[in-house]
Amino acid sequence: MHFSIISIFPSRVQAGMQEGVISRAVSEKLIELNIVNLRDFTFDRHRTTDDRPFGGGEGMVMTPEPLSLAVKDARMSGVERERVILLSPQGRVFNQQVAEELRREEHLILVCGRYEGVDERFREKYVDEELSIGDFILTGGELPALMIIDAVTRLIPGVLGCSDSALRDTFSRKLLKHPHYTRPRVFEGSEVPEVLFSGDHRKIEEHRFLESVKRTMERRPDLLRRASFSVSEKKLLARHGIDPDTGRETGQ
Ligand code: 4HQ
């Protein structure tokens, strides 16, 4: 899979992917990254990428010409599934489902805006989709682009060590993860739950499942309403006095 990132801060984008899982995915040729310096597509002495807004008002707007030239330059011949994504708080909110959808593309061109945003005509003519990573305002689209590359890359087969660990993750099953424990067995007076030493794998799985449901109920009840449980999971929840729909203790 190919990723192109268009930015006026190419070194910051580079720095954000220099170690860990993503850089390994690059060296193992599971993904290819192409960082495009937007200033390479300016022709004035100051290499300008922004200008004052028509109609007046605060802030600067990114001019459409360099952005359009950078997108045309990033395009690859022979690639059919290509998507130009603009990072912006006005976009569809990115989540695990969107990450899975993007994984099916061959080439993502991620456009990182700065200032107040980009000229509307660039958006209309070149952008396939706007994505937001959440309801807050950042200084630029570079971190959102890195987050999207990270979330999509770990879904590519071979990127994570354990082949199916991406599938068991928190959001593919719409439940939060159970608590994790490792050594030491006692930390500042707190012990690891006894059941985890029982060697009874069925009991351990049941314990973890119940902890997941309880956490989800406490922290993200919105997720629980969308979770679906198997017959045996429902029975287990009922045995522990938990309503499978609300996660609440039934008191029975
Ligand atoms: N910005 N999700 C403004 C974001 C953002 C977000 C990126 C700030 C674009 C022009 N991007 N620039 N939230 O806050 O993606």
Side-chain angles (χ1 to χ4, degrees), residues 1-17 20-22 31 33-42 44 46-74 82-105 107-155 169-171 220 222-223:
M1 178 160 188
H2 303 272
F3 296 94
S4 294
I5 308 100
I6 298 171
S7 165
I8 56 166
F9 294 118
S11 58
R12 290 201 205 172
V13 176
Q14 183 68 55
M17 327 197 260
V21 175
I22 305 303
I31 61 167
L33 300 173
N34 168 30
I35 303 173
V36 179
N37 185 355
L38 186 61
R39 292 202 198 278
D40 289 346
F41 301 92
T42 59
D44 63 311
H46 300 288
R47 309 181 89 193
T48 315
T49 58
D50 62 333
D51 209 334
R52 285 158 47 208
F54 281 130
E58 289 294 293
M60 298 293 270
V61 177
M62 298 191 78
T63 56
E65 298 97 329
L67 287 166
S68 63
L69 292 172
V71 167
K72 285 182 210 158
D73 185 76
E82 172 184 272
R83 209 139 125 186
V84 178
I85 292 169
L86 175 68
L87 288 315
S88 126
Q90 280 76 46
R92 167 162 76 126
V93 180
F94 182 76
N95 60 20
Q96 194 62 27
Q97 202 185 324
V98 180
E100 266 150 39
E101 187 187 310
L102 296 182
R103 193 192 72 167
R104 322 246 157 246
E105 302 289 339
H107 184 197
L108 296 185
I109 300 178
L110 299 154
V111 181
C112 309
R114 285 261 150 186
Y115 322 111
E116 292 305 298
V118 306
D119 186 284
E120 182 66 9
R121 293 158 300 172
F122 165 75
R123 196 191 61 74
E124 286 167 357
K125 290 184 201 291
Y126 289 88
V127 174
D128 295 313
E129 183 171 30
E130 277 178 85
L131 287 179
S132 166
I133 55 145
D135 292 338
F136 40 82
I137 311 299
L138 299 162
T139 58
E142 284 77 8
L143 289 171
L146 288 169
M147 288 173 60
I148 289 173
I149 293 170
D150 191 291
V152 173
T153 298
R154 66 186 287 291
L155 296 176
D169 273 339
T170 302
F171 284 97
R220 295 292 305 276
D222 57 310
L223 293 180

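Count residues from 1 along the sequence. Both ligands and their constituent atoms are indexed starting at 1 by order of listing.
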>> Within the 4.0 Å heavy-atom shell around Phe136, which atoms of ligand 1 are there?
In response: 13 (N), 14 (O)
>> Does atom CD (Glu120) have a neighbourhood of more than 12 heavy atoms from anything else shown, all under 6.0 Å?
In response: yes
> Who gets closest to atom 6 (C) of ligand 1 by heavy atom: Asp135, Val118, Ile133?
Replying inline: Ile133
>> If the cut-off is 4.0 Å to any non-hydrogen atom of Leu131, which atoms of ligand 1 fall inside it?
In response: 15 (O)
>> Suppose we measure from atom 11 (N) of ligand 1 to each protein heavy atom; which comes out shortest, and what is that distance?
In response: Ser88 N, 3.4 Å
> With no hydrogens and no angle check, is any side-chain donor or acceptor of Thr63 less than 3.5 Å from a backbone partner on Glu65?
Replying inline: no
> Under 3.5 Å, side chain of Ser88 to main-chain N/O of Gln90, donor-acceptor pair present?
Replying inline: yes
>> Pair Arg52, Glu58 - check side chain to side chain contact (heavy atoms under 4.5 Å, CB included), show working.
In response: CA-CA 8 Å; Arg52 285 158 47 208; Glu58 289 294 293; over 6 Å; no
> Looking only at atom types and distance, does a side-chain atom of Thr42 sit under 3.5 Å from a main-chain N or O of Asp44, one as donor and one as acceptor?
Replying inline: no
>> Tell me if a side-chain donor or acceptor on Asp128 pairs with a main-chain N or O of Val84 at a distance below 3.5 Å.
In response: yes
> Of the protein's non-hydrogen atoms, which lies at the shortest distance from atom 9 (C) of ligand 1, and what is that distance?
Replying inline: Leu87 O, 3.5 Å
> For ligand 1, which atoms, with element, lie under 4.0 Å from some heavy atom of Gly141?
Replying inline: 7 (C)
> Can you tell me if CZ on Phe54 sees more than 12 non-hydrogen neighbours from other groups inside 6.0 Å?
Replying inline: no
> Short list, please: which atoms of ligand 1 are under 4.0 Å from a heavy atom of Arg114?
Replying inline: 10 (C)
> Do side-chain atoms of Arg39 reach the backbone of Arg47 as a donor and acceptor pair under 3.5 angstrom?
Replying inline: yes
> Which residue supplies the protein heavy atom nearest to atom 1 (N) of ligand 1, what is that atom called, and how far is it?
Replying inline: Pro89 CD, 3.8 Å
>> Under 4.0 Å from a heavy atom of Gly140: which atoms of ligand 1 are those, numbered in the order shown and with their elements?
In response: 7 (C)
>> How about CD on Glu124, more than 12 heavy atoms from neighbouring residues, nucleotides or ligands closer than 6.0 Å, or not?
In response: yes
>> What protein heavy atom lies closest to atom 3 (C) of ligand 1? Include the residue and the distance to one decimal.
In response: Leu138 O, 3.9 Å
> Relative to the heavy atoms of Ile137, which atoms of ligand 1 are at a distance of less than 4.0 Å?
Replying inline: 14 (O)
> Quick one: nearest non-hydrogen protein atom to atom 12 (N) of ligand 1, plus distance?
Replying inline: Gly113 O, 4.0 Å
>> Suppose I only count heavy atoms of Tyr115 and a 4.0 Å limit; which atoms of ligand 1 are within that range?
In response: 10 (C)
> Going by the atom numbers of ligand 1, which of them fall below 4.0 Å from some non-hydrogen atom of Gly134?
Replying inline: 13 (N)
